[in-house]
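In this text, all values refer to a predicted model and were calculated from it rather than measured experimentally.
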Amino acid sequence: QVQLIESGGGLVQAGDSLRLSCTASGRTFSRNAMGWFRQAPGKEREFVASIGWNVGVTLHTDSVKGRFTISRDNAKDTVYLQMNSLEPEDTAVYYCAACSSSWCGKSGYEYWGQGTQVTVLS
């Protein structure tokens, strides 16, 4: 059974940092693109960041540029989302996703984690 397991969420103050992790089990995604998405209460799920199997290829949505950084460790089959200078508007459930290609960008993801809650207090 293929699983993506997120961790690292929590309750923080505005301006704090968190690092989310996503580890794959059941198969390796070291040659696949991975991404992070989020869904705030009452809103649709939105793209946050993606990374190709080549760790040098990344994409971040405008609202998190300069604050969030996606990275991966293929040896550990783990993708990370470093979140700095968190804002209340970042409050959401964050989902890890994987696609079947080496690059997926903002869409085309087939595998999803169960999500981890990030709450940022003002």
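- The shortest heavy-atom contact between Y95 and G113 is CD2-O, 3.6 Å.
- For R45 and W112, the positive end sits near the middle of the six-membered ring, less than 6.0 Å away and at most 45° from its axis.
- For Y109, the ring pair (Phe, Tyr, Trp, His ring centres under 6.0 Å) test picks out F37, with sequence neighbours left out.
- Put simply, the side chain of T91 gets close to the backbone of V120: a donor and an acceptor are under 3.5 Å apart.
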Check the pair T119, Q117 against side-chain hydrogen bond (donor to acceptor under 3.5 Å, both in side chains), reporting the backbone distance first and the verdict last.
CA-CA 6 Å; T119 303; Q117 177 71 46; 3.2 Å; yes
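- Separating the CE atom in M83 from the OG atom in S17 is a distance of 9.0 Å, to the nearest 0.5 Å.
- Under the rule for a salt bridge (charged side-chain N to carboxylate O under 4.0 Å, His left out), the partners of K65 that lie at least two apart in sequence or sit in another chain are D62.
- Among residues two or more places apart in sequence or in another chain, the side-chain hydrogen bond (donor to acceptor under 3.5 Å, both in side chains) test is passed with E110 by S100.
- Using a 3.5 Å distance cut-off with no hydrogens or angles, the side chains of T78 and T23 do pair a donor with an acceptor.
- With sequence neighbours excluded, the residues that form a salt bridge (charged side-chain N to carboxylate O under 4.0 Å, His left out) with R67 are E87, D90.
- Minimum interatomic distance between G115 and V93 (heavy atoms only, all atoms of both residues): CA-CG1, 3.8 Å.
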Using the side-chain contact (heavy atoms from CB on, under 4.5 Å) rule, take Y80 and D73 through it: C-alpha gap first, then chi angles, then the decisive distance, then the call.
CA-CA 8 Å; Y80 305 97; D73 183 337; 4.1 Å; yes
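- Cation-pi geometry between R27 and F29 is satisfied (NZ or CZ under 6.0 Å from the ring centre, within 45° of the ring normal).
- By the rule that hydrophobic residues join a cluster once side-chain heavy atoms approach within less than 4.5 Å of another member, L59 and V57 end up as members of one cluster.
- Note: M34 CE to S50 OG = 11.0 Å, rounded to the nearest 0.5 Å.
- D77 and T28 share a donor-acceptor pair across their side chains, judged by distance under 3.5 Å alone.
- Taken to the nearest 0.5 Å, the CD1 atom of I51 stands 6.0 Å off from the CZ atom of R72.
- For S85, there are no side-chain hydrogen bond (donor to acceptor under 3.5 Å, both in side chains) partners, not counting sequence neighbours.
- Distance alone, capped at 3.5 Å, is enough to place a donor-acceptor pair between the N32 side chain and the C99 backbone.
- What you find for I70 and H60 is that their closest heavy atoms are N-NE2, 3.0 Å.
- A heavy-atom distance below 4.5 Å is not found between the side chains of L121 and V12.
- For C96 against V79, the heavy-atom pair with the smallest separation is SG-CG1, 3.9 Å.
- Among L20, L81, N84, the one residue that satisfies the side chain to side chain contact (heavy atoms under 4.5 Å, CB included) test with F68 is L81.
- S102 and A33 get closest at one heavy-atom pair: O-CB, 3.6 Å.
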For the pair E46 and R38, evaluate side-chain contact (heavy atoms from CB on, under 4.5 Å) and give the outcome as yes or no after the intermediate values.
CA-CA 5 Å; E46 65 172 352; R38 67 186 180 185; 2.6 Å; yes
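- Judged as a salt bridge (charged side-chain N to carboxylate O under 4.0 Å, His left out), not a single pair has a partner in residues 5-19 (not counting sequence neighbours).
- Nearest heavy atoms, W53 versus S30: CB-O, 3.7 Å.
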